[in-house]
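As the structure is a computational prediction, the values presented were derived from the model and not from experiment. All residue numbers refer to positions in the sequence shown, counting from 1.
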Amino acid sequence: LILAFIVPIVAIISILIFGLNPGIDFSGGTEMQVRFQKEVSVDEIKNTLRDIGYTKSQVQSFGSRDSNEMLIRIMRTDFFFDKDIEHIKQELLKEFETVKIEKQNNDQNRLLVTLKIPTEIVNLKEQKIKDQQKKMINILSKQSKLVSGKLSREILNISTDIQDNMVKYNILFAKISDNIINSLLINFGKTEIRRMDFVDSHISSQLKTDSIMAVIYTIIAVFVYISIRFNLFFAPGVIVCLIQDVFGAFLIFTLFRYEFDLPSIAALLTIVGVSINNTIVVYDRIREKLFSSKSNNVAISDYDEIVKSVNIAVNDTLSRTINTTLTVLFSSVSLWIFAGSAVRSFAAVLTVGIILGAFSSIFAAPAAFLFMIRNFKDSKYCNNRNERYSKEEKMQGIV
C-alpha cells in the first residue's frame, strides 16, 4: 500500500516540475500529409521548418518506403503573441496619433488595426488612407519578423472600414500551411499535399477537458460497480489500484517526454480496463474463500485467518495474472521498440501501465482489502453480514 501511494505522489511531483508535452490534439496545430517527388529525410524537413520559425514539429515517414510520403505535425503557433501586439503598437504610435490592435480569436492569421485620420485633412481622406496604409504595411512587415524570429507573416489582403475619421484595417496574413508549403517547394521541389487537418485552441481545450473527465468518470463507474458487485470492503482497493496505475503511466510522459495526445488517453483507459479485470478476478477468489457459508465466522472474526485465506486466493489466481500480463507485454513491448512514433507513446504507456496493474492486483488490492477488514470489521455493516451468514449456516445445518 505504501508503494501504491508513493507512485502517484512521484508522478504528480514530476508533472508539476517537468510538465507534460502536449500533442496537437491538446495544444492545437496543423497536421499535413505530404508527398515528395524524391526521397527526403526527416532531419532535412525538420531543419527547413526550423528555419522558418516552426521549432516544435514532428515529422515521420508515412506509408511504404518508396512512396516518399511524410506526416508533418506543427504545434499551434500564434502569428502574434501579446508581446508582439504591444511591440507593434508602440512602433505604430511613432507614426500615428491613435492606434488600436485586436486579434481575431477564431482566426489566428488576422489582425484588426484601427488608426485615426487627422481632422484637418478630411477632404483628402482617400489619398491619406492610401499613404497611411503603405506606412502601416511597412511597419508590420518589418516588426513582425523582428519580434518572433523568422516566422513569415506575408500580408495577403487588407480591407478598410471608415467611421468618424477612424479607419479600421482588417489584415489577413498567410496561414501556417501556406508558409510550410512555400518553404517545402523552395527546398525540395514539387510537393503534393495529400491531406491537411487543423485543430484550433478552442477545440484542443475541449478535447483536453473531455479526456480528463473520461478517465475520472471511468474510475467512478468502476468504484460503484465494485461496491455493488462485491461490497464496500473491496471498493477502496480498486480506487487505490486505478489511481496508482493511471498516475504511474503518466511518468512516461514526464520522464521520456512523449507527446500527450488522444491515443495516450486511449492507452490510459485500456490500462484501467486491464487492471480492473485482473483485480476483479483476484477479488472474486478472495470472496469465495472468505464468505463461503463454511468459513464466514472465522473470516469475519479472526484477522489471521483472513490473511491466510487472502494469501491462498492470491496464489490461486497468480498464474492467471502473470500469463495475462505477459501476453499483453509481448505485444506492447514489441510496438514500443519497433513501431513508429505515431504509436510508440501508446505502447510505452500501455507497457508501464500493465506492469503496474499486475503489481496492484496482486499486492495493493488485497492489502487494501485487509486494511479495511482490520480497521472496520467491528462496524455495523460487518456485524450485519456476520448475523446474516450465521443464519444461513444454521439453515444449512438443519437441511
Side-chain angles (χ1 to χ4, degrees), residues 21-81 84 103-104 106-111 137 140-142 144-158 171-204 207 257-263 338-346:
N21 182 24
I24 291 176
D25 297 323
F26 297 139
S27 64
T30 302
E31 181 179 270
M32 306 170 63
Q33 181 183 335
V34 184
R35 182 176 183 178
F36 299 92
Q37 291 297 312
K38 59 181 181 179
E39 185 176 352
V40 180
S41 69
V42 171
D43 290 336
E44 287 177 322
I45 297 175
K46 283 192 171 184
N47 290 334
T48 300
L49 296 173
R50 194 177 295 112
D51 289 340
I52 59 175
Y54 301 110
T55 56
K56 299 189 71 175
S57 63
Q58 183 186 71
V59 182
Q60 66 183 74
S61 59
F62 187 86
S64 59
R65 181 171 296 180
D66 57 352
S67 65
N68 296 330
E69 290 190 29
M70 291 287 182
L71 194 64
I72 302 174
R73 294 187 178 96
I74 306 296
M75 293 298 179
R76 182 176 182 270
T77 303
D78 286 333
F79 268 45
F80 296 102
F81 297 94
D84 299 343
K103 286 195 298 184
Q104 292 280 64
N106 59 345
D107 195 350
Q108 64 170 346
N109 59 314
R110 190 182 295 272
L111 277 184
I137 290 175
L140 286 176
S141 300
K142 182 187 301 183
S144 63
K145 293 181 180 180
L146 292 177
V147 176
S148 296
K150 301 177 182 178
L151 187 61
S152 174
R153 296 186 181 87
E154 179 186 355
I155 297 176
L156 297 181
N157 183 44
I158 297 180
I171 308 169
L172 179 65
F173 295 85
K175 294 182 179 180
I176 289 177
S177 56
D178 297 329
N179 290 331
I180 296 173
I181 293 170
N182 291 335
S183 181
L184 294 177
L185 286 172
I186 293 172
N187 289 274
F188 307 111
K190 187 176 180 180
T191 304
E192 179 185 357
I193 307 300
R194 306 295 298 274
R195 178 175 59 86
M196 184 181 303
D197 295 316
F198 175 75
V199 180
D200 67 20
S201 58
H202 177 74
I203 295 176
S204 61
L207 287 173
R257 306 311 298 167
Y258 284 127
E259 285 189 355
F260 185 68
D261 49 16
L262 285 181
F338 299 108
S341 58
V343 295
R344 186 166 294 151
S345 61
F346 177 91

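- Side chain of Ser345 to backbone of Val343: no donor-acceptor contact under 3.5 angstrom is found.
- Contact check for Ile45 versus Ile72: side-chain heavy atoms found under the 4.5 Å cut-off.
- With rounding to the nearest 0.5 Å, the separation of CG in Leu185 from OG1 in Thr191 is 4.5 Å.
- If you take OG on Ser183 and CG on Leu49, they are separated by 7.0 Å, rounding to the nearest 0.5 Å.
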Passes side-chain contact (heavy atoms from CB on, under 4.5 Å), Ile181 versus Ile193? Steps please. CA-CA 8 Å; Ile181 293 170; Ile193 307 300; 3.8 Å; yes

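- Between Glu192 and Arg194 there is a salt bridge, since at least one side-chain N of the basic residue sits less than 4.0 Å from a carboxylate O of the acidic one.
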Result block: side-chain N/O donor-acceptor pairs under 3.5 angstrom for residues 32-39, not counting sequence neighbours:
{"residue": "Gln33", "atom": "OE1", "partner": "Arg195", "partner atom": "NE", "Å": "3.4"}
{"residue": "Gln33", "atom": "NE2", "partner": "Glu69", "partner atom": "OE1", "Å": "2.7"}

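- Nearest heavy-atom pair, Val42 versus Val59, reported as atom, atom and distance to 0.1 Å: CG1-O, 3.6 Å.
- In this structure, Phe346 and Pro263 approach most closely via the heavy-atom pair CD1-O, 3.2 Å.
- Atom CD of Glu44 sits about 11.5 Å away from atom CG of Leu184, to the nearest 0.5 Å.
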